[in-house]
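One structure below.
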Amino acid sequence: MPIEILMPALSPTMTEGNLAKWNVKEGDKIKSGQVIAEIETDKATMEVEAVDAGTIGKIMITAGTENVKVNTLIALLLEDGEDKGALDSYAPKAVASVSAPVSGDRDKAADKKEAAAAPVATTPATNNQQPATSSSRTFASPLAKRIAADSGVPIAQVPGSGPHGRVVKADVEAFIASGGARGGVVRRNPVETTAIANNNMRKVIARRLTESKQTVPHFYLNLDIELDRLLDLRKQLNDAAEHAAKKQGKDVKPAYKLSVNDLVIKATAMAMKDVPAANASWTDAAILQYNNVDISVAVAIDGGLITPIVKNADQKDVVKISGEMKDLAARAKAGKLQPEEFQGGGFSISNLGMYGISHFAAIVNPPQGCILAVGAGAEKVVVKNGAMVVANVMTVTLSVDHRVVDGAVGAEFLQAFKRYIEAPALLLV
């Protein structure tokens, strides 16, 4: 009896994925543990290994199919000794479930179906490219009518290219692009758009952030922090690594190169350890306070955002954090992270300072209770001991779920964070 290969659940939260690629074809013999396909989840592209050995009898879901539900039958595997005849009488236990066509394909199909079923005018137009006259009924597909109404285009003015002058979706879009506009006013500068299909990651980001803003009562705390001592310590440590590498030979690379973000992660971890009430999540039954200091760090990747986790960050030195963060970021951009490397975490950091953003407010990532937005450092005039001096200052903003963390706890966390940034030697002990 053929063995069913089902769409796997590659993470605890996965409900569907895109079947990006088949690494085998029908008739190929495979071994247990062999990579047979690549599945795109909301965060990464992951390899699928065969559980059983045999011959690929039939591929049920083609490569490139989107939104395939978990446990959908994607292929049938013939056991040793079975031939393809076993497939003829086989009744699948799992029913294939694939996504509906994308909107553009669905619209084209609707236009074709509607055009075929359209009532025929008693007096066919002599030229089906001419717009219907005001005294005659305009035949148009429901989709074409809806697009025209949304754009303020009189449907009677649109030349129809369908059977007997019927107006279809493409006709309305061409009319709008050539100058048709709301209220019949000609657009002197027609607006052109490019449709970029939403991948799974974009859909999940949209859903989760909408959920966050609708359900999480946010409040925000801002604080200015001086960076001069931190920048000086970073320079000393990086110079020491370069000096040690040069002593070993001209082709030897430094053992590490610390970024400001590496030190920010360490300072956040130490502040969380000092103020554990900020390391928590909300549930209706109880506030869950985490024992581990696991920090999610936002990384921009092609098509979206992912938050790899530096686990037990309070127990790691800055060099370890730096190396781990570089590895996580590189694999995130390549789509090679494992689910456990980006799912979870008790606290998030989003750093846009590297892009020159002075300050911003991030959105809490449920079920976490806090996210720290880090802005760029810049020279500012500050007052010290009654005198004006220039200092490098950065602004950080703590976004907080008020159900979990109160204002005083948030302020206490920021003060602890500031202490570690302005006295960075504390990060090394």
Side-chain angles (χ1 to χ4, degrees), residues 11-17 41-44 67 196 198-223 261 264-265 268-269 271-272 275-290 292-311 313 328 332 337 339-353 355 357 359-375 395-411 413-414 417:
S11 71
T13 59
M14 177 178 168
T15 58
E16 61 183 30
T41 68
D42 59 315
K43 296 293 186 182
N67 305 329
I196 301 173
N198 292 322
N199 59 20
N200 281 0
M201 179 184 300
R202 197 77 253 165
K203 292 175 183 176
V204 170
I205 290 172
R207 184 175 69 248
R208 286 182 58 79
L209 295 186
T210 299
E211 172 194 351
S212 178
K213 292 299 287 186
Q214 289 179 343
T215 61
V216 175
H218 286 66
F219 75 90
Y220 309 94
L221 300 172
N222 303 307
L223 190 64
N261 201 50
V264 165
I265 294 170
T268 302
M272 290 172 66
V275 188
N279 186 19
S281 293
W282 169 264
T283 70
D284 289 335
I287 291 175
L288 304 180
Q289 188 167 304
Y290 300 111
N292 293 354
V293 178
D294 296 339
I295 299 178
S296 304
V297 182
V299 173
I301 62 175
D302 186 26
L305 186 75
I306 194 168
T307 52
I309 304 167
V310 179
K311 297 182 179 179
L328 288 169
L337 290 179
E340 63 271 14
E341 293 179 306
F342 59 81
Q343 293 179 351
F347 190 104
S348 286
I349 297 174
S350 180
N351 188 345
L352 293 179
Y355 298 101
I357 302 301
H359 63 276
F360 67 104
I363 300 173
V364 171
N365 182 25
Q368 296 177 6
C370 299
I371 181 169
L372 184 68
V374 181
T395 300
V396 296
T397 302
L398 183 68
S399 301
V400 180
D401 181 346
H402 209 332
R403 298 171 302 176
V404 182
V405 175
D406 293 326
V409 173
F413 167 83
L414 283 181
F417 176 77

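Applying the salt bridge (charged side-chain N to carboxylate O under 4.0 Å, His left out) rule to Arg403 yields the partners Asp401; only residues at least two apart in sequence or on another chain are considered. Taking Asp294 as the reference, nothing meets the side chain to side chain donor-acceptor pair (under 3.5 Å) condition, with sequence neighbours excluded. Take Leu288 and apply the side-chain contact (heavy atoms from CB on, under 4.5 Å) test, not counting sequence neighbours, and it matches Thr283. By the side-chain contact (heavy atoms from CB on, under 4.5 Å) test, Asn222 pairs with Thr397, sequence neighbours left out. Phe417 pairs by the ring pair (Phe, Tyr, Trp, His ring centres under 6.0 Å) definition with nothing, not counting sequence neighbours. For Asn279, there are no side chain to side chain donor-acceptor pair (under 3.5 Å) partners two or more places apart in sequence or in a different chain. For the side chain to side chain donor-acceptor pair (under 3.5 Å) test, no residue two or more places apart in sequence or in another chain qualifies with Ser212. Remark: Ser348 engages Gln368 in a side chain to side chain donor-acceptor pair (under 3.5 Å) (not counting sequence neighbours). Under the ring pair (Phe, Tyr, Trp, His ring centres under 6.0 Å) criterion, Phe360 pairs with no residue at all, not counting sequence neighbours. For His359, the side-chain contact (heavy atoms from CB on, under 4.5 Å) partners two or more places apart in sequence, or in a different chain, are Thr395. Qualifying side-chain contact (heavy atoms from CB on, under 4.5 Å) partners for Glu211, counting only residues two or more places apart in sequence or in other chains: Thr215.
With contacts defined as side-chain heavy-atom distances shorter than 4.5 Å, the pair Ser350/Leu372 does not qualify. Between Ile265 and Val297, some side-chain heavy-atom pair lies under the 4.5 Å cut-off. The side-chain heavy atoms of Val374 and Leu352, taken from C-beta on, include no pair separated by under 4.5 Å. For the pair Leu337/Leu328, a side-chain contact is recorded, criterion being any heavy-atom separation below 4.5 Å from C-beta on. In this structure the side chain of Phe219 never reaches within 4.5 angstrom of the side chain of Ser399, judged on heavy atoms. A heavy-atom distance below 4.5 Å is not found between the side chains of Thr307 and Val299. Within the 4.5 Å cutoff, no side-chain heavy atoms of Phe413 are placed close to those of Leu221. Side chains of Thr41 and Asn200 form no contact here, defined as non-hydrogen atoms less than 4.5 Å apart.
Here the closest heavy-atom approach between residue Ile309 and residue Gly345 is recorded as CD1-N, 3.6 Å. Closest of all the heavy-atom pairs between Ala332 and Ile306 is CB-CG2, 3.7 Å. Here the shortest heavy-atom pairing between His402 and Gly407 reads CE1-N, 4.3 Å. Of all non-hydrogen atoms in Ala278 and Val405, the two that sit nearest each other are CA-CG2, 4.0 Å.
From Asn261, atom CG reaches atom CD1 of Ile349 across 6.5 Å, with rounding to the nearest 0.5 Å. Taking NZ of Lys213 as the start and NE2 of His218 as the end, the distance is 5.0 Å to the nearest 0.5 Å. Here the OH-CG distance, from Tyr220 to Leu398, works out to 11.0 Å after rounding to the nearest 0.5 Å. To the nearest 0.5 Å, the span separating CG on Leu414 from CG on Leu223 amounts to 5.5 Å.
In this structure a side-chain-to-backbone donor-acceptor pair under 3.5 Å is present from Ser281 to Pro367. Put simply, the side chain of Asn199 gets close to the backbone of Arg202: a donor and an acceptor are under 3.5 Å apart.
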CA sep, side-chain torsions, deciding dist, call: Leu305, Met201, side-chain contact (heavy atoms from CB on, under 4.5 Å): CA-CA 8 Å; Leu305 186 75; Met201 179 184 300; 5.9 Å; no
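The side chain to side chain contact (heavy atoms under 4.5 Å, CB included) with Ile363 is formed by just one residue from the set Val216, Leu209, Thr210, Ile371; it is Leu209.
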